[in-house]
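Proteins come first, then strands; the chains are lettered A, B, ... in the order of their sequence lines, and each starts at number 1.
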Amino acid sequence: MSNVNEIFEDFLKTNTIFKDKKILQSNYTPENIPHREDQINQIAKILAPALKLQKPSNLFVYGKTGTGKTLSVKHVLKKIKALSEEKSIPIQQLYINCKLKKIADTEYRLIAQLIRDLGKTVPTTGLPTDEIYKIFFNIIDERNQLFILVLDEIDQLVKKIGDEILYNLTRINSELTNSQISIIGISNDYKFTEYLDPRIKSSLSEEEMVFPPYNALQLQDILLSRSRCAFQDNVIEDGVIEKCAAYTAREHGDARRALELLRVAGELAERSGSEKLKIAHLDDADEKIEKDHMVDIVLNQPKQFQAVLYSILFCSKESQVFTGDIYNFYKNICSKSALRPLTQRRTSDIISELDMLGIINAKIISKGRYGRMRQISIALNPTTKSKIVEILEKDLNV
DNA sequence: GTCAATTCACATGAAAGAGACCACGGTCTAGTG
DNA sequence: CTAGACCGTGGTCTCTTTCATGTGAATTGACGA
């Protein structure tokens with residue numbers, strides 16, 4: 001019997017500690033959403049006019065990641081959908097997650113995606129942008145419906161392509177004769193609307209809601225209710241849920257992360273052959289999540305980014321590194337691995353993008369007469385770092 | 001010693017180019033009846 | 001006659017380059033005490 005078969009056989013023999021793992025996955029939508037009743041009711045109140053085909057106010061939802069914004073909105077929309085189908089009220093819902101690449105990178109793509117969601121095909125590129133607007137507009141208007149458009153992570157969208165698209169979308173109502181469209185924006189960033197054009201801001205946030213982070217007790221509740229369905233009985237040691245909740249509450253009260261932590265800890269426990277989920281697994285899971293996440297990010301970067309990152313990782317053996325050092329080293333790397341070196345201007349941008357990704361910390365300092373530059377340090381823990389260096393060395397063959 | 005001007009080494013912005021992708025319409029070509 | 005191959009044109013999109021301007025504090029050098 002081959003090795004792989006053994007692995008599979010073993011896997012089948014071990015009685016897994018999970019009952020239903022997908023309950024802990026981030027795309028799972030639970031039936032009831034604890035500690036969000038108020039918000040859900042409020043959303044329902046705001047959206048209720050839709051059922052009488054009156055346009056609901058545009059809604060703006062704020063809250064950190066993992067505070068249940070998307071979940072709550074989707075929950076309410078699901079109810080509306082069920083009701084509208086039952087009573088055949090012409091309401092159409094559109095949901096776009098602006099974070100997803102290739103969907104909401106540009107104005108064109110976003111509108112094209114909306115059109116596709118409405119069941120028409122449209123070229124992925126090649127048409128003028130105003131053409132695509134016209135198509136969208138016509139489809140909407142001829143349907144004679146009420147549209148609810150959800151733009152999740154709308155701050156990402158505006159950061160990438162500006163607020164013009166929002167202006168166009170909010171303005172579209174005044175030109176529609178048969179249909180109406182109301183917009184629900186979901187944002188992680190409290191300060192998001194500050195960057196917006198005041199006109200857009202006022203029309204977009206006719207109603208505003210804030211989702212506060214979960215506290216440790218609420219997180220415990222959530223974890224408990226989900227783990228009851230996700231795990232076999234009595235596999236979780238005492239204190240694990242509490243610790244997991246406390247862990248994440250201390251950071252941002254991100255329920256998604258708490259659930260991921262629990263899931264990964266479970267996987268680790270299972271893989272190590274343990275029959276119980278112990279606190280130690282939680283710590284391992286924490287590290288593993290970060291590592292996997294970072295490795296994933298790095299692998300998905302273009303070659304040039306990797307080269308710059310490698311230079312940074314290599315140079316940062318010394319205590320302090322600055323832009324200039326890195327650029328020089330980077331040029332070296334390029335000649336070694338047959339890359340065409342980019343200009344200093346571009347590498348500067350790459351460095352700040354790596355900073356945004358959380359792989360490095362870059363602080364702008366001024367050394368007076370000796371110039372102004374970024375002081376760069378690594379934001380990775382040592383095991384992650386060495387893993388990434390290893391990957392990059394292979395990728396760039398240096 | 002004090003204070004404004006200077007200076008460095010970049011950061012940051014704006015604009016535009018390069019090269020990839022794609023749609024569309026027109027033209028050419030080969031296969032069919 | 002017609003379907004499909006093959007162009008040219010005009011559009012988007014991403015990554016880059018080019019050119020221009022901004023920036024914070026150590027250094028400098030003039031000034032007055």
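Side chains of A:Thr70 and A:Asp152: a donor on one and an acceptor on the other come within 3.5 Å.
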Q: Could you encode protein contacts along nucleotides 8-24 of chain B as a string, one character per nucleotide from 5' to 3', using B for base contact, S for sugar-phosphate-only contact and - for no contact, with a heavy-atom cut-off of under 4.0 Å?
A: BBSSBB--------BS-
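Not less than 6.0 angstrom separates the ring centroid of A:Tyr327 from the ring centroid of A:Phe329.
Figure legend: A:Lys367 and A:Tyr370 shown without cation-pi pairing, the cationic atom not lying both under 6.0 angstrom from the six-membered ring centre and within 45 degrees of its axis. A cation-pi arrangement is absent between A:Arg228 and A:Phe231 under the rule of less than 6.0 angstrom and at most 45 degrees off the ring axis. Cation-pi geometry between A:Lys74 and A:Tyr95 is met: under 6.0 angstrom from the ring centre, within 45 degrees of the axis.
Atom P of nucleotide C:dG24 and atom CD1 of A:Ile365 are separated by 14 Å, given to the nearest angstrom. Rounding to whole angstrom units, CD of residue A:Glu107 and P of C:dG11 are separated by 16 Å.
Taking 4.0 angstrom as the limit, A:Thr106 places a side-chain polar atom (N or O) nearer than this to OP1 or OP2 of C:dC13.
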